[in-house]
Amino acid sequence: MAHGSLYVISGPSGAGKGTLVNRALEICPNIALSISATTRKPREGEVDGVHYHFLSVDEFEDTIEKDGFIEWAQVHSNYYGTPLAPIEEHLAAGDTVLLEIDVQGAFQVLEKLPQAKLVFIAPPSIEELERRLRGRGTETEEVIAQRLANATGEMDASKEYDYVIVNDDVERATKELARVLEC
Ligand code: ADP
Ligand code: 5GP
């Protein structure tokens, strides 16, 4: 596995990773976005096989046993993991691949593929992060509280990242991400 480039995007829930990645992919259409597996329930509008592969806990644990993930972690009380085979195929084909995963997963990927570049998307402040999470309106109060509680530890991990992009203004931050992705 080693010809293409691999970028890992992380950041606290609500920082705007999905927003920036979607916009950057419009500028950089040749980049392949990895589709993760998760045991969390689909949000309204999320499609199985497009946004995530939605698995049961049994199916997910089965895939772990079969070494089907390049990395996996428990994030906010659910399993999330990156299927290995598509990553191997893309890198062998020389493609640039983007993973949007949490900080635990990012460090697992870096151990296996030291050439991976780590990109952290940070909110301008924790107050703004909370506003965005609530504004998105996709999570219950309990889930929002858990995601905010995890944000501080995630922000700490940004020290280890190659790039930190503060998502203050969407247009500006998108351009910065596209520059980092060199497309
Ligand atoms: P993540 O993928 O990191 O959880 P999202 O991309 O879903 O975050 O963004 C969370 C919410 O914040 C969404 O409602 C999104 O529209 C909004 N948002 C994203 N970037 C910005 C920004 N720069 N300024 C204001 N709101 C933003
Ligand atoms: P969400 O439930 O909001 O889609 O994602 C919650 C968190 O899980 C985010 O921090 C996201 O980056 C992370 N995540 C999504 N897919 C993966 C994955 O495949 N592996 C890991 N480790 N984290 C993931």
Side-chain angles (χ1 to χ4, degrees), residues 6-26 32-55 60 63-64 68-87 97-113 116 118-140 142-144 146-158 161 164-177:
L6 189 138
Y7 292 90
V8 178
I9 312 270
S10 308
S13 184
K17 300 177 298 295
T19 304
L20 296 186
V21 165
N22 286 336
R23 283 167 162 255
L25 290 182
E26 285 173 17
L33 180 63
S34 161
I35 302 170
S36 295
T38 183
T39 57
R40 103 156 146 64
K41 298 283 163 278
R43 292 179 186 138
E44 211 176 302
E46 282 185 330
V47 177
D48 187 33
V50 176
H51 298 94
Y52 278 104
H53 300 289
F54 293 101
L55 303 185
F60 197 101
T63 311
I64 295 175
F69 294 122
I70 184 168
E71 64 73 35
W72 63 271
Q74 276 190 303
V75 190
H76 315 309
S77 312
N78 285 298
Y79 279 127
Y80 292 82
T82 304
L84 174 62
I87 304 292
V97 188
L98 198 62
L99 270 53
E100 198 231 287
I101 64 177
D102 91 309
V103 297
Q104 308 168 73
F107 297 134
Q108 292 176 43
V109 169
L110 190 63
E111 271 190 20
K112 291 187 181 148
L113 299 171
L118 305 192
V119 185
F120 195 90
I121 308 294
S125 66
I126 293 291
E127 291 72 27
E128 175 61 14
L129 182 71
E130 183 165 357
R131 262 194 296 280
R132 288 185 191 171
L133 259 184
R134 282 187 206 290
R136 190 168 69 188
T138 51
E139 266 76 34
T140 61
E142 192 188 350
V143 172
I144 289 175
Q146 187 185 23
R147 287 178 177 230
L148 285 172
N150 289 344
T152 319
E154 290 166 334
M155 292 294 291
D156 262 3
S158 70
Y161 276 60
V164 177
I165 297 176
V166 177
N167 179 18
D168 41 15
D169 173 76
V170 177
E171 299 294 334
R172 194 206 60 73
T174 300
K175 282 189 193 137
E176 193 177 340
L177 178 57

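Reckoned from all heavy atoms, side chains included, excluding hydrogens, waters and symmetry mates. In listed order, ligands and their atoms are each counted from 1. Heads up: numbering here begins at 1 and tracks the sequence.
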Closest heavy-atom approach to atom 18 (C) of ligand 2 among Asp102, Asn78, Val21, Ile101 is made by Ile101
Quiz item: Under 4.5 Å between any side-chain heavy atoms of Gln108 and Ile101, yes or no?
Solution: no
for atom 19 (O) of ligand 2, nearest protein heavy atom and its distance come out as Ser36 OG, 2.7 Å
Discussion item. Check for me whether Arg43 has a heavy atom closer than 4.0 Å to any atom of ligand 2.
Written reply: yes
The atoms of ligand 2 lying under 4.0 Å from a heavy atom of Glu100, numbered in the order shown, are 11 (C), 12 (O), 14 (N), 15 (C), 16 (N), 17 (C)
In this structure, atom 15 (C) of ligand 2 is nearest to the protein heavy atom Tyr52 OH, 3.3 Å
message = Between Thr38 and Phe54, does the side-chain contact (heavy atoms from CB on, under 4.5 Å) criterion hold? Intermediate values first, please.
response = CA-CA 5 Å; Thr38 183; Phe54 293 101; 3.7 Å; yes
Here the gap from Leu99 atom CG to Leu33 atom CG, rounded to the nearest 0.5 Å, amounts to 8.0 Å
Atoms of ligand 2 under 4.0 Å from any heavy atom of Ala73, numbered from 1 in the order shown, are 22 (N)
Rounded to the nearest 0.5 Å, the CG atom of Leu84 sits from the OG1 atom of Thr63 at a distance of 11.5 Å
Does ligand 2 have any atom sitting under 4.0 Å from a heavy atom of Gln108?
no
Glu176/Arg172 ion pair, N-O < 4.0 Å
yes
Decide yes or no on side-chain contact (heavy atoms from CB on, under 4.5 Å) for Arg40 and Tyr80, but give the supporting numbers first. CA-CA 8 Å; Arg40 103 156 146 64; Tyr80 292 82; 3.4 Å; yes
of all protein heavy atoms, closest to atom 7 (C) of ligand 2 is Val75 CG1, 3.8 Å
Gly105 heavy atoms within 4.0 Å reach ligand 2 at atoms 22 (N)
Note: Asp168, heavy atoms under 4.0 Å from ligand 1, region reported as backbone
Under 4.0 Å between heavy atoms, the region of Pro12 that gets near ligand 1 turns out to be backbone
Does some non-hydrogen atom of Lys17 fall short of 4.0 Å from ligand 2? yes
Per-atom filter on ligand 1: closer than 4.0 angstrom to a heavy atom of Thr19 are 5 (P), 6 (O), 9 (O), 15 (C), 19 (C)
Can you find a heavy atom in the side chain of Ile144 that is under 4.5 Å from one in the side chain of Arg134? yes
Exercise. Taking both backbone and side-chain atoms of Arg136, is any N or O found less than 3.5 Å from an N or O belonging to ligand 1?
Worked result: yes
Looking at ligand 2, is there an atom of it that comes within less than 4.0 Å of some heavy atom belonging to Phe69? no
re atom 25 (C) of ligand 1, the protein heavy-atom contact at minimum distance is Arg132 NE, 3.5 Å
- Message: Measuring only between side-chain heavy atoms, which start at C-beta, is Asp102 closer than 4.5 Å to Asn150?
- Response: no
for atom 6 (C) of ligand 2, nearest protein heavy atom and its distance come out as Tyr80 OH, 3.5 Å
In this structure, atom 20 (N) of ligand 2 is nearest to the protein heavy atom Glu71 OE2, 2.7 Å
Do Arg43 and Arg136 have side-chain heavy atoms sitting under 4.5 Å apart?
yes
To the nearest 0.5 Å, atom NZ of Lys112 lies from atom CG of Leu6 at 12.0 Å
Close approach, Arg40 and ligand 2, non-hydrogen under 4.0 angstrom: yes
Under 4.0 Å from one or more heavy atoms of Lys17, ligand 1 contributes atoms 1 (P), 2 (O), 3 (O), 4 (O), 6 (O), 8 (O)
Contact region, Glu154 to ligand 2, non-hydrogen atoms below 4.0 Å, reads neither
CD (Gln104) and OG (Ser10) are apart, to the nearest 0.5 Å, by 10.0 Å
Is any side-chain heavy atom of Val109 closer than 4.5 Å to a side-chain heavy atom of Ile87? no
Report task. Look at ligand 1 and say whether Ala15 reaches it with a heavy atom at a distance under 4.0 Å. Result -> yes
Ligand 2 atoms nearer than 4.0 angstrom to some heavy atom of Arg147 are 1 (P), 2 (O), 3 (O), 6 (C)
field: Check against side-chain contact (heavy atoms from CB on, under 4.5 Å), Arg23 and Glu171
entry: CA-CA 9 Å; Arg23 283 167 162 255; Glu171 299 294 334; 3.0 Å; yes
If we only consider heavy atoms of Gly81, is any one of them less than 4.0 Å away from an atom in ligand 2?
yes
Atom 10 (C) of ligand 1 sits nearest the protein heavy atom Gly14 O, 3.6 Å
If I apply the N/O under 3.5 Å rule, does Gly135 come out as touching ligand 1? no
Side chains of Leu113 and Ile70: closer than 4.5 Å at any heavy-atom pair?
yes
Open item on the list: Any non-hydrogen side-chain atom of Met155 less than 4.5 Å from a side-chain atom of Phe120?
Closed with: yes
Go through Ile64 and Tyr79 one step at a time and tell me if the side-chain contact (heavy atoms from CB on, under 4.5 Å) criterion holds. CA-CA 10 Å; Ile64 295 175; Tyr79 279 127; 4.2 Å; yes
Looking only at non-hydrogen atoms, the one of Ile121, Thr138, Asn167, Thr174 nearest atom 23 (N) of ligand 1 is Asn167
